[in-house]
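What you see is a predicted model, and the numbers here were worked out from it, not measured in a lab. Numbering of ligands and ligand atoms starts at 1, following listing order. Side chains included, hydrogens not; waters and symmetry mates left out as well; all remaining heavy atoms used.
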Amino acid sequence: MENTFPKDFVFGTATAAYQIEGAVNEDGRCPSIWDTFSHTPGATFAGDTGDVATDSYHRWREDLALLNDLGVDAYRFSIAMPRIMPTPNGIPNAKGLDFYERIVDTLLEYGIKPVVTLYHWDLPQYLEDAGGWLNRVTSYALGDYAAVVAKRLGDRVDTWTTLNEPWCASYLSYGAKEQAPGLGLGPGAFPAVHHLNLAHGLMVQAVRGIVGDKSKYSVTLNMPFNRGDADACHRLDLIANRAFLDPMLRGRYPDELFAITKGICDWSFIQPGDLENAHQPIDLLGVHYYSTNRVAMSDRPQFPQETGPSTCPGASDIDWLPTDGPHTDMGWNIDPQGLYDTLMRVHDRYPEVDLVITENGMACRDQLVVNEDGTKAVHDADRIDYLERHFAAAKRALDDGVPLSGYFVWSLLDNFEWYFGYAKRFGITYVDYATQERTKKDSFLWYRDFIASRG
Ligand code: FCB
């Protein structure tokens, strides 16, 4: 595939701390909600945990060398709050800061821009014990933590991303039981939605107060693009997308969101000043895109009944219909046009902010092949095809006027895929979990050549 993206387009890959680091008991790190959740019997596939993951806390040099071989412009990784603020006393852990400083400095030596996610779901357990995202104190704790990180790394980080997928961090985690802490509270997740929005704004303010406008600011969301019944799509758009984007980018919640949640949520947890705090100028909006949903209004009994693990509270009167194939190993449909449509729609609604694809990729049943000469390979032609078609869709959106500045492939490495543990492989690098040996898949080599052929 010819690479016709502009010269300054940012190509990258992404990872997240709990999915790769391991070393959960080292150098003063405290437990996070994901340690607790993954150690709860039955909570994850095969009882997998992130205790070791890809051991990147120890193998970070090797992993960053892979990035250098790949030739990316930027690397999106997350900082683990449990390594930085391991106790409620507010005293930062120097060893945690040192670890991320080594990563940032090595990236800069390679000429790779550090794109830091401050919160990719690994909330310290002590904050959860005090109510977690249901308690507004958590939002302020995140702001304080962001300031600590900014003081140490602020002069070297290219882009600060406050939150990763607040939809998952609230609805899937507090509304349903699919992700940590897995409380299954249904509409009880709405306070978490609001406190995440507040935390976003407090983090932007905290970092900007130290770094000013030398860095870029962003937040990154999965914005489920739905096909099907217009009412169901509209309702899900309010709950899944606008419940976050409107407060963050416009300083208000949509009136219709209040209307459709009447009787199940009174929104009294919104305090004076919260929306002003949540609404901070940002430079980039990160879009995660993997697949699309097909939905219809349901004729089943309505809320507050819980209908399944992926149900959004307030959306339980929506049916999730089977999608047309082909599907990935996650069971997600492959729909590159959905990426184009998502980018166009988001830009149309929020034209004031530039877009970047902060996650896109595919889980495959990868097979490690040992060649006659002893070298190893993974022939993941399906992943290459997926990436080619999604890059083409992104380029079309760019040509059609979307201010799209970058694309981060999920993920640099196979890793701990949350509920699915090690059963799903998204990496462009294969990880043999028994030995931690890394093998570049064909998609890695394809992406390397694609980046190099730009312009
Ligand atoms: C996203 C997460 C990321 C990864 C991909 C497959 O929801 O942000 O950590 O698990 O899905």
Side-chain angles (χ1 to χ4, degrees), residues 12-22 32-34 37-38 43-45 48-50 53-54 56 63 75-81 115-123 161-173 175-176 178-180 182 196 200 218-225 240-241 244 285-293 309-310 312 327-335 338-339 342 356-366 380 382-383 386-387 390 407-429 431 443:
T13 61
T15 60
Y18 189 71
Q19 296 182 274
I20 64 165
E21 287 178 0
S32 75
I33 55 176
W34 267 97
F37 186 76
S38 65
T44 61
F45 176 81
D48 287 346
T49 74
T54 61
S56 293
D63 294 343
Y75 176 47
R76 172 176 178 253
F77 64 100
S78 82
I79 291 186
M81 186 176 177
V115 174
V116 166
T117 307
L118 286 164
Y119 184 69
H120 201 125
W121 306 350
D122 44 0
L123 191 71
T161 304
T162 55
L163 304 172
N164 179 75
E165 297 190 359
W167 183 85
C168 296
S170 53
Y171 298 127
L172 283 191
S173 309
E178 197 171 315
Q179 298 202 338
L196 281 155
H200 157 77
S218 69
V219 63
T220 182
L221 277 80
N222 52 323
M223 293 173 228
F225 183 80
N241 303 326
F244 302 103
L285 176 58
V287 177
H288 289 187
Y289 180 83
Y290 291 94
S291 61
T292 48
N293 302 306
S310 295
C312 296
H327 295 96
T328 71
D329 194 31
M330 294 294 278
W332 298 348
N333 69 329
I334 299 175
D335 184 358
L339 172 59
T342 300
V356 53
I357 297 165
T358 31
E359 282 185 26
N360 173 252
M362 178 183 183
C364 301
R365 296 214 179 142
D366 296 314
D380 56 341
D382 288 350
R383 184 175 286 109
Y386 177 99
L387 290 173
H390 285 79
Y407 200 129
F408 291 75
V409 171
W410 185 269
S411 173
L412 172 65
L413 304 162
D414 292 336
N415 57 44
F416 175 77
E417 178 45 38
W418 309 112
Y419 166 79
F420 298 93
Y422 300 99
K424 304 294 177 195
R425 293 181 176 272
F426 273 94
I428 55 172
T429 307
V431 177
S443 57

Run the contact test for Met330 against ligand 1 with a 4.0 Å cut-off on heavy atoms, strictly below, and give the result. no
[X] heavy atoms, cut-off 4.0 Å: which ligand 1 atoms fall inside?
| X | result |
| --- | --- |
| Asn164 | 8 (O) |
| Phe426 | 6 (C) |
| Tyr290 | 5 (C), 6 (C), 11 (O) |
| Glu417 | 4 (C), 6 (C), 10 (O) |
| Trp418 | 3 (C), 4 (C), 9 (O), 10 (O) |

Test side chain to side chain donor-acceptor pair (under 3.5 Å) applied to Asn293 - qualifying residues, sequence neighbours left out: Asn226
ring-ring contact (aromatic ring centres under 6.0 Å, His included) filter on His120, not counting sequence neighbours, yields Trp418
Pick from Gln179, Met362, Glu359, Gln19: the one approaching atom 8 (O) of ligand 1 most closely through a non-hydrogen atom: Glu359
Got the closest protein heavy atom to atom 7 (O) of ligand 1, with its distance? Glu165 OE1, 2.6 Å
Do the charged groups of Asp366 and Arg383 touch, with an N to O distance under 4.0 Å? yes
Hey, which of Asp382, Thr429, Asp380 is the one that makes side-chain hydrogen bond (donor to acceptor under 3.5 Å, both in side chains) with Ser443? Asp380
Would you indicate whether the side-chain heavy atoms of Thr358 and Thr161 approach each other to under 4.5 Å? no
Supply the atom-to-atom distance Asp122 CG to Met81 CE, rounded to the nearest 0.5 angstrom. 9.5 Å
